[in-house]
Amino acid sequence: MKPYDHKEIEKKWQDRWATDNLYKTEGEVGQKKKYVLDMFPYPSGEGLHVGHPKGYIATDVYSRFQRMKGYAVLHPMGWDAFGLPAENYAIKTKTHPRIAVEKNIARYKSQLSKIGFNYDWSREINTTDPEYYKWTQWIFLKLFEKGLAYQSFEPINWCPSCQTGLANEDLEGGVCERCGSAVEQKAMRQWVLKIREYADRLLDDLETLDKWPEHIKEMQRHWIGKSEGAEIEFKIKDQEQAIKVFTTRPDTLYGATYLVLSPEHTLLDTLRESIQNQKEVNTYREQAKSKSEIERVAEGKEKTGVLLEGVLAVHPATQEEIPIYIADYVLAHYGTGAIMAVPAHDERDFAFAKKFNLPVKPVILPDGFVDFDLFIESQEKIEAFAQKHIEKHGPYLGNGKTINSDTFSLLESSDAKKKITAFVSGKITNTYRLQDWVFSRQRYWGEPIPIIHCDTCGAVPVPEKDLPVRLPEVEHYEPTGTGESPLAGIAEWVNVTCPHCGGGGKRETNTMPQWAGSCWYYLRYVDPHNNEKIFDPKREKYWNPVDVYVGGAEHATRHLIYARFWHKFLYDINVVSSAEPFTELHSVGLIEAEDGRKMSKRWGNVINPDDIVENVGADSLRAYEMFMGPFENAIAWSTNGLVGTRRFIEKVWRMQTLVTDAPVEALETILHQTLKKVGDDIESFKFNTAMSQMMIFLNAVEKEGTIGREQFEAFVKILAPFTPHIAEELWENLSYTQSVHLEEWPKHDESKVVLDEVEIAVQIDGKTRGTVLVSPTAPEDEVITIVSNNEKLKKYLETLPKKVIYRAGKIISFVL
RNA sequence: GCCCAGAUGGCGGAAUUGGUAUACGCGCACGACUCAAAAUCGUGUCUCUUCGGGGAUGUGGGUUCGACUCCCACUCUGGGCACCA
């Protein structure tokens with residue numbers, strides 16, 4: 001037998017798979033299908049480290065397994081290549097971002113190819129390819145056509161250093177993700193997508209995703225942040241206007257002792273005449289404007305605000321006159337931008353009331369807290385009691401029974417909510433944390449937004465036949481000083497005729513954010529070379545939705561919500577045939593560096609997969625990353641651990657010399673247990689226990705010193721998804737000419753999985769005192785007889801046990 | 001501050017979902033082979049013990065014949081959100 005030479009073997013099979021087009025997906029052949037997808041990478045200049053392929057290895061194992069189970073498998077790969085790093089590299093080196101992207105992709109592809117993935121490279125896509133972004137622009141036009149894309153001058157996050165607008169999604173800890181500068185607020189014209197119109201469906205349909213991890217769905221629920229409550233109007237004394245507030249607690253209306261407006265509230269402009277301390281108010285508003293939300297937070301919990309002098313609100317239920325404040329703890333973009341403050345039952349209102357010495361009026365008491373009969377004889381007593389309770393414990397936030405609320409006293413919260421809202425002609429309504437999505441960037445390296453601005457016709461869509469709107473060549477990649485994109489400087493590109501009236505028009509110079517391309521890429525893989533349509537609907541119907549989607553948990557809320565949003569939109573306009581894009585989702589845990597930190601160039605702790613493949617081979621790397629622990633766990637890389645899987649592979653190699661013609665009877669049970677467990681574990685993404693089961697089987701073979709040929713063949717087949725190169729070589733050595741990856745997954749024989757005799761535990765008063773060998777189906781009295789005849793155990797059964805609990809095949813427990 | 005997840009040997013982890021805790025791998029120790037080393041193979045490896053047993057799954061309680069698993073309180077770690085009315 002030749003010694004195991006991973007370099008020779010891996011090169012040989014990678015070349016052969018490529019020449020034979022082994023992984024080319026035929027598809028649409030009436031066969032059952034699995035669409036197995038990785039979140040496609042951004043090809044950065046740093047190349048891959050060993051953490052990146054972990055998820056790709058998992059989907060590789062999974063898709064090879066499903067192919068052996070008889071499924072048509074779609075398992076493609078591509079590149080999410082727009083975005084800031086390539087552009088900043090371009091600014092620095094004055095090379096076109098396309099050049100850097102091409103180079104990085106080549107590097108990534110070379111790194112990936114050495115690991116032996118079964119991607120169908122004929123379907124490779126690249127978001128920066130005009131043939132791809134033509135369709136990203138096409139989807140934008142559809143969104144525009146349906147009124148879901150609009151322009152807005154609302155204040156946006158602005159990085160003074162990069163001179164570009166940033167969505168909330170692009171901020172990290174309040175500073176620009178890119179350059180670290182503090183972000184300011186600035187009004188800019190932006191394109192915005194109405195994702196809020198889909199909030200309820202994005203929320204409700206989470207219930208249909210029963211193969212998604214619960215904690216990711218929980219994060220999305222929180223991100224959408226639906227609150228049920230009521231809108232209630234407070235009239236302003238001696239004025240036409242009213243203030244509309246949103247509250248989740250209309251049952252506490254009688255406890256509202258003042259109102260608070262956000263500093264951005266438009267009423268402040270309309271009421272200018274009446275506000276007597278205009279100067280003070282303006283100063284506060286200016287301060288709030290210059291502060292980012294992060295700065296507000298950095299100031300701590302200390303509440304700030306200003307009383308509006310000269311205006312008073314009228315409480316809609318009591319007709320009492322109450323003061324109005326502005327304070328930056330009330331946010332313009334949430335609810336109605338105004339609140340009724342109930343200091344007795346809200347933490348923030350309470351803190352504010354304490355600071356400004358405002359009345360605290362309790363109107364809710366917990367159920368069963370006091371004897372409510374007292375209320376009838378002494379309302380004052382109850383109020384005093386509630387007052388004291390709040391002084392001692394702070395505001396009471398829960399539901400309960402109303403007090404101090406006129407005719408609505410002594411109602412349950414839920415009942416009071418409806419009745420009080422109706423009494424003041426309020427409206428039961430919902431509000432959402434989810435904000436509409438700022439969808440434009442003043443950047444070069446993104447998809448041009450296909451819109452032409454015309455003085456007479458307004459924003460006019462570029463006709464579909466003129467797509468793609470290609471990114472023009474520019475001199476400079478930097479944003480302009482005014483904050484416009486560098487595209488604005490190219491007169492011959494900007495100035496066009498209006499497609500509507502034929503007059504003079506100007507192209508939109510904003511580009512799309514990096515998220516755009518990744519919102520729908522999984523759809524393009526089904527028909528990546530179609531130039532007539534976004535894809536052939538027949539192919540879409542066959543392959544979609546994605547059956548198994550794998551990627552980092554950091555995408556739980558952004559990418560996964562944006563993609564679901566676009567998918568639902570495409571569903572509504574009959575472009576896709578499913579309401580949800582991803583049926584099953586798994587998040588992959590990080591691989592940390594051996595020192596426990598994140599792998600990063602900065603710490604000098606990066607391990608390049610190329611080196612691992614060179615030294616111990618791709619199969620060892622793959623086996624190690626699957627064996628290292630539960631798939632979703634973050635685990636530190638261990639070079640020692642890698643040694644273990646390399647040893648395992650060498651032992652598998654040596655197993656060839658142990659093969660005999662006849663099956664080894666003693667291995668039958670463990671073999672069939674292994675066939676069953678490995679299959680079940682791959683299906684449920686428990687690759688670590690699948691690996692250990694194969695190791696257990698190998699240990700059993702070594703103990704026997706021999707293995708039957710058929711038994712060995714079955715083992716090679718189940719090994720093949722994990723370590724495809726050595727499996728292929730072993731298969732060839734068994735004189736087969738067709739690839740092992742086209743073999744059928746070996747079926748286990750259920751009758752062989754079960755043992756004739758099992759060892760069960762014997763417990764006396766809850767303590768395990770020994771074990772006995774019995775048939776897994778033995779009746780209780782037979783087991784008791786065996787135990788009472790056991791030399792070691794019979795002494796415990798000298799007295800008759802009070803109780804016997806018997807679980808066949810598992811345990812017998814005696815209570816004395 | 002709120003939400004989610006987690007805590008098991010020297011290390012990564014396993015545990016049929018309430019039934020013999022520590023599978024599998026790493027590391028370590030000893031032995032075989034060798035002039036020697038590496039590689040390989042074998043044996044051992046939670047802990048205390050008076051050798052009868054006792055104690056251990058972050059801490060303290062509880063439910064149960066029986067708890068890593070369920071319940072209550074707490075500590076710590078990781079992730080997410082952050083003045084959301």
Side-chain angles (χ1 to χ4, degrees), chain A residues 174 213-223 225-227 229-230 245-249 252 256 260 262 293-294 296-297 299-304 327-331 333-342 345-349 351-352 431-435 553-554 556-557 587 589-590 592 623-624 627-630 632-645 647-648 650-651 654 677 680 686 688-699 702 759-771 801-807 809-816:
Chain A
E214 194 48 49
H215 69 271
I216 291 191
K217 290 196 276 182
E218 195 56 39
M219 283 164 81
Q220 292 209 352
R221 286 185 197 109
H222 190 235
W223 187 271
K226 178 174 181 171
S227 310
V245 305
F246 175 77
T247 177
T248 54
R249 296 295 303 272
T252 65
V260 187
S262 75
E293 274 183 36
I294 306 308
R296 292 184 188 184
V297 175
E299 279 176 24
K301 300 288 167 200
E302 186 71 24
K303 295 282 176 286
T304 61
D328 61 10
Y329 80 96
V330 173
L331 303 177
H333 61 251
Y334 188 77
T336 60
I339 62 155
M340 63 176 209
V342 185
H345 304 292
D346 183 277
E347 293 277 6
R348 290 152 301 155
D349 298 346
F352 192 86
T431 193
Y432 301 87
R433 208 182 78 98
L434 183 72
Q435 295 170 45
E554 70 273 19
T557 43
S587 46
L590 275 180
E592 294 151 356
Y624 172 62
F627 180 61
M628 66 194 299
E632 64 282 5
N633 280 21
I635 302 169
W637 176 265
S638 159
T639 301
N640 273 336
L642 177 69
V643 169
T645 49
R647 268 181 211 152
F648 167 72
E650 286 176 13
K651 287 177 185 183
R654 270 181 255 132
K677 182 160 177 60
D680 290 351
K686 282 152 58 177
N688 56 329
T689 49
M691 282 297 304
S692 71
Q693 182 63 36
M694 290 193 287
M695 290 173 176
I696 290 168
F697 177 72
L698 178 135
N699 291 346
E702 288 187 338
E759 202 180 39
I760 71 163
V762 180
Q763 286 190 351
I764 314 291
D765 281 338
K767 296 216 180 290
T768 305
R769 295 296 175 180
T771 58
K802 276 198 212 107
K803 198 174 165 188
V804 181
I805 296 122
Y806 175 57
R807 297 280 178 271
K810 288 177 179 168
I811 200 163
I812 187 159
S813 180
F814 298 93
V815 186
L816 298 182

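Quick caveat, the model's predicted, so the values are computed rather than measured. Throughout, protein chains are lettered first and strands after them, A, B, ... in sequence-line order, and every chain is numbered starting at 1.
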Taken to the nearest whole Å, CD1/A:Ile216 to P/B:C81 is 13 Å
Syn/anti label of B:G9 as read from its glycosidic torsion, with the cut at 90° from 0: syn
Interatomic distance at C1', B:G80 relative to B:C84, whole Å: 16 Å
Which atom of A:Ala327 lies closest to which atom of A:Phe352, heavy atoms considered: CB-CE1, 3.8 Å
Looking at every strand, decide which applies to A:Thr771 at a 4.0 Å heavy-atom threshold: base, sugar-phosphate, or nothing. base
Does A:Arg647 have a side-chain nitrogen or oxygen under 4.0 Å from the phosphate oxygens OP1 or OP2 of B:G27? yes
Give a yes/no on whether any side-chain N or O of A:Lys767 is located under 4.0 angstrom from OP1 or OP2 of B:G55. yes
Under-3.5 Å donor-acceptor pair between A:Lys303 side chain and B:C83 base: yes
Distance between P atoms of B:G66 and B:A32 (Å, rounded): 50 Å
Check: A:Gln763 side chain, B:G19 base, donor-acceptor under 3.5 Å: yes
Taking B:U77 as the reference, what is the distance to B:G25 when you measure between their P atoms (whole Å, please)? 34 Å
Note: A:Met340 and A:Asp349 closest approach over all heavy atoms is O-OD2, 3.9 Å
To the nearest Å, give me how far apart CD1 (A:Ile811) and C1' (B:U16) are. 13 Å
Between C1' of B:U20 and CD1 of A:Ile760, the distance in whole Å: 10 Å
Using the P atom as the point on both nucleotides, what is the distance between B:A7 and B:G58, in whole Å? 7 Å
Under 4.0 angstrom between A:Arg769 side-chain N/O and B:G52 OP1 or OP2: no
Roughly how many Å apart are B:A5 and B:C11, using the P atom of each and rounding to a whole number? 26 Å
What are the two closest non-hydrogen atoms of A:Ile216 and A:Ala556, and how far apart are they? CG2-CB, 3.9 Å
Sugar-phosphate, base or nothing in reach of A:Thr768, heavy atoms under 4.0 Å: sugar-phosphate
Would B:U69 be called syn or anti here, given the cut-off of 90° from 0? anti
When you measure from the side-chain N and O atoms of A:Asn640 to the phosphate of B:G25, is any distance below 4.0 Å, counting only OP1 and OP2? no
Tell me if B:G58 is syn or anti. Syn = glycosidic torsion within 90° of 0, anti otherwise. anti
Does A:Thr645 put a side-chain nitrogen or oxygen below 4.0 Å from OP1 or OP2 of B:G25? no
Rounded to the nearest Å, what distance is computed from the NE2 atom of residue A:His215 to the P atom of nucleotide B:G78? 17 Å
Atom CE of A:Met628 and atom C1' of B:C24: how far apart are they, to the nearest Å? 15 Å
Could you tell me whether A:Arg647 and A:Glu650 have a side-chain N and a carboxylate O separated by less than 4.0 Å? no
In whole angstroms, the gap separating C1' of B:A23 from CG of A:Leu698 amounts to 15 Å
Closest approach of A:Ser227 and A:Thr248, non-hydrogen atoms and distance? CB-CG2, 3.7 Å
In whole angstrom, give the distance that lies between atom CG of A:Asn699 and atom P of B:C41. 10 Å
Rounding to the closest angstrom, what is the interatomic distance between B:G6 and B:U57 at atom C1'? 13 Å
Rounding to the closest angstrom, what is the interatomic distance between B:C4 and B:C71 at atom P? 13 Å
Taking atom P in both B:U17 and B:C70, compute the distance separating them and give it to the nearest angstrom. 14 Å
Whole-Å distance, A:Glu632 CD to B:C4 P, equals 18 Å
Could you tell me whether the phosphate oxygens of B:G12, OP1 or OP2, come under 4.0 Å of any side-chain nitrogen or oxygen in A:Asn633? no
A:Tyr624 side chain to A:Thr639 main-chain N or O, any donor-acceptor pair under 3.5 Å? no
Could you pull out the closest heavy-atom pair between A:Tyr334 and A:Gly225, with the gap in Å? OH-O, 4.3 Å
